[in-house]
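Throughout, protein chains are lettered first and strands after them, A, B, ... in sequence-line order, and every chain is numbered starting at 1. Predicted, not measured: the structure shown is a model, and the values here were computed from it.
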Amino acid sequence: MPSRDSSTEAAFARSLRAWYAEHGRKDLPWQVRPTAYGVWVSEIMLQQTQVATVIPYYERFMARFPGVEELAAAPLDEVLGLWSGLGYYARARHLHQAAQQVMHKYGGRLPETLDGLQGLPGIGRSTAGAILSLAWARPHPILDGNVKRVLSRCFLVSGRPGTAGVERRLWGLAEALLPIHGAGVHNQALMDLGARVCTRHRPRCGDCPVEGICAARRHGLQDRYPQPRGRGPGPERFTCFLLLMVEGRLLLQRRPPAGLWGGLWVPPECATEAQVPGRCRELGVAPGGIEILPERLHTFSHFRLRYRPVLVRGTACPGAVRDDDCRWHPLGSPLPGGVPAPVARLLCQLQAHHPRSIP
DNA sequence: AAGTCGGGGGC
DNA sequence: GCCCCAGACTT
């Protein structure tokens, strides 16, 4: 015997479906003739990233890697290159690794079970549910940021998001509201409602299909749900980026495969400006002119990085420093792989300031 | 349960 | 400035 009026769930799903049929977005790139692979790629890109930002990345990615096979066969550097600027690069590493697992454990076809999908790197319960419901119309719920916001408001789920009790209750609601038929459309509609009507600020309750069901609306508490996370700016770190130029080439090094900016290419670093000359000699370059550039700030979710670019013109030829993780990159030529956004900006400005300085 | 992992959009 | 976004992973 249900503790809550069992017709509430049915009314919610029915109203949501009718709203989506008339007002919902159905023409996003991954919604037109959806495939499991396309849904997968889009879901990974959309983790912690807004739709408008993802679209051009998705188009480029799908053009270069039309299927699991092409993705699995590609070098990681190329995958990271197409991911540059999106952030959370572990998503790209996991996606690439998972594609290789799909090739040789599942014959190139995505598994069609929750456990099979969740066994792949980068796929958690929500992404697995999205693939199952959106690509194959299987009755599995999802729980992303949009859905959490909608459900928190509609059913006044208190407590900080991310805590065990809140997550359990939200998953329970997502599951209870899921209709037997049309789970994919239902999930799509729930996300679209959260993205375009039940927004974080100033929700458009007058346009909401479940306005009559929503407890936050009834009590005027839309602004207090969901409860804010309470993140601070976090600590601050400092580094110098050594922009080492020798004959029109810039030295780049590949970062370790995991961790911050894992697998991406960045200039050499040192802790203080005073260490620049010594660092140059370590790298086999006799420093000529050293130009200290203004400090900049890059904000991460959990800390802030102050960094100072230091432009060094080398007069000596670069030594035989050419292992796999170290390249002299001719400015203007294709990058060896992925590059974090601040480094991409530095390269762009460097190229603009020293146009075609190649001998 | 808490910390790690990017970058951009919106206000 | 601040907060959050079609989360998942590690410790």
Side-chain angles (χ1 to χ4, degrees), chain A residues 25 28-31 34 38-58 80 83-95 97-98 117-131 133-134 141-150 152 159-168 170-171 174 184 187-196 198-202 223 226-235 237 255-264 266 297-305 338-345:
Chain A
R25 278 186 303 193
L28 295 173
W30 45 89
Q31 294 175 324
V39 170
W40 178 26
V41 171
S42 71
E43 284 300 320
I44 299 301
M45 286 190 173
L46 286 162
Q47 287 171 10
Q48 304 298 299
T49 310
Q50 296 184 352
V51 169
T53 303
V54 162
I55 289 176
Y57 283 89
Y58 178 83
L80 288 171
W83 210 272
S84 285
L86 257 190
Y88 279 106
Y89 299 93
R91 294 183 294 174
R93 296 196 306 267
H94 289 151
L95 185 61
Q97 187 183 345
L117 286 170
Q118 281 193 249
L120 295 169
I123 300 184
R125 183 177 174 185
S126 188
T127 300
I131 295 170
S133 64
L134 300 182
I142 59 172
L143 192 61
D144 63 14
N146 288 314
V147 178
K148 287 181 184 178
R149 187 172 51 254
V150 171
S152 297
R160 305 161 75 95
T163 61
V166 172
E167 294 296 305
R168 192 169 56 249
L170 289 172
W171 272 113
N187 286 338
Q188 197 80 256
L190 211 42
M191 291 188 284
D192 209 28
L193 185 69
R196 296 165 57 229
C198 195
T199 51
R200 193 159 65 87
H201 298 296
R202 300 163 56 88
D223 292 338
Q227 191 171 313
R229 289 171 174 254
R231 284 184 296 195
R237 304 183 202 172
R255 293 178 65 86
L260 187 71
W261 289 341
L264 271 61
V266 301
L297 185 66
H298 186 72
T299 304
F300 293 82
S301 48
H302 52 302
F303 72 94
R304 297 198 296 192
L305 180 67
V339 165
V343 173
R345 283 191 283 270

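Taking atom CG of residue A:Leu95 and atom C1' of nucleotide C:dA6, one finds them 15 Å apart after rounding to whole Å. If you take CG of A:Asp192 and C1' of C:dA6, they are 11 Å apart, rounded to a whole angstrom. Rounding to whole angstrom units, CZ of residue A:Arg91 and C1' of B:dT4 are separated by 14 Å. Between the CZ atom of A:Arg229 and the P atom of B:dG3 there is a distance of 13 Å, rounded to whole Å. Note: CZ (A:Arg200) to P (B:dC11) measures 10 Å, nearest angstrom. Across the protein-nucleic acid pair, A:Phe303 atom CZ and B:dG7 atom C1' stand 13 Å apart, rounded to whole Å. Rounded to a whole Å, the CG atom of A:Asn146 is 8 Å from the C1' atom of C:dC5. Taking atom CZ on A:Phe300 and atom P on C:dC4, their separation rounds to 20 Å, with Å as the unit.
Neither OP1 nor OP2 of B:dC11 sits under 4.0 Å from any side-chain N or O of A:His201. The side chain of A:Arg255 places no N or O atom within less than 4.0 Å of a non-bridging phosphate oxygen (OP1 or OP2) of B:dC5. Taking only side-chain nitrogens and oxygens, A:Thr53 never comes nearer than 4.0 Å to OP1 or OP2 of C:dC5. Distances shorter than 4.0 Å separate some side-chain N or O of A:Tyr89 from OP1 or OP2 on B:dG7. Residue A:Trp171 places none of its side-chain N or O atoms closer than 4.0 Å to OP1 or OP2 of C:dG7. Applying the 4.0 Å criterion to OP1 and OP2 of C:dC9, one finds that A:His94 has every side-chain N and O outside that range.
Counting non-hydrogen atoms under 4.0 angstrom, A:Ser42 reaches nothing in the nucleic acid. A:Gly259 comes within contact range of the sugar-phosphate backbone alone, with a heavy-atom separation under 4.0 Å but no base atom that close. Within the 4.0 angstrom heavy-atom criterion, no nucleotide atom of any strand lies near A:Trp40. Within the nucleic acid shown, A:Ala130 has no heavy atom closer than 4.0 Å to any nucleic acid atom. Heavy atoms of A:Ala164 sit under 4.0 angstrom from primed sugar atoms or phosphate atoms, though from no base atom. Residue A:Leu190 is classed as having no contact, given no heavy-atom separation below 4.0 Å to the nucleic acid. Residue A:Ile44 is classed as having no contact, given no heavy-atom separation below 4.0 Å to the nucleic acid. Among the heavy atoms of the strands lying under 4.0 Å from A:Pro342 are primed sugar atoms or P, OP1, OP2 only; no base atom is included. At a threshold of 4.0 angstrom between heavy atoms, the contacts of A:Arg160 with the nucleic acid are absent. Using a 4.0 Å heavy-atom distance criterion, A:Arg149 is classed as a sugar-phosphate-only contact.
Screening A:Pro226, A:Cys198, A:Pro161 for a side chain to side chain contact (heavy atoms under 4.5 Å, CB included) with A:Ser152, the sole residue that qualifies is A:Pro226.
Here the side chain of A:Ser126 is nearest to one of C:dA6, B:dG6, C:dG7, namely C:dG7. Considering only the side chain of A:Leu260, B:dC5 comes nearest among B:dG7, B:dC5, C:dG7. If you check C:dA8, B:dG6, B:dT4 against the side chain of A:Thr127, the one that comes closest is C:dA8.
A:Asp144 and A:Ser126 share no donor-acceptor pair across their side chains, judged by distance under 3.5 Å alone.
When each of A:Gln50 and A:Gly87 is assigned the nucleotide of DNA chain B bearing its nearest heavy atom, the one mapping closer to the 5' terminus is A:Gly87.
Taking 4.5 Å as the limit, every side-chain heavy atom of A:Thr49 sits out of range of all side-chain heavy atoms of A:Tyr88.
Aromatic pair A:Trp261/A:Tyr89: ring centres not closer than 6.0 Å.
Separating the CZ atom in A:Arg149 from the CG atom in A:Leu170 is a distance of 12.5 Å, to the nearest 0.5 Å. To the nearest 0.5 angstrom, A:Ile142 atom CD1 is 3.5 Å from A:Met191 atom CE.
Between A:Phe300 and A:His298, the two ring planes are perpendicular [angle over 60°; tilted spans 30° to 60°].
The P atoms of B:dG6 and C:dT10 are separated by 14 Å, rounded to the nearest whole Å. The separation of C:dA6 from B:dG3, taken at their C1' atoms, amounts to 23 Å, rounded to a whole angstrom.
With hydrogens and angles left out, the side chain of A:Thr49 and the base of B:dG6 share a donor-acceptor pair within 3.5 Å.
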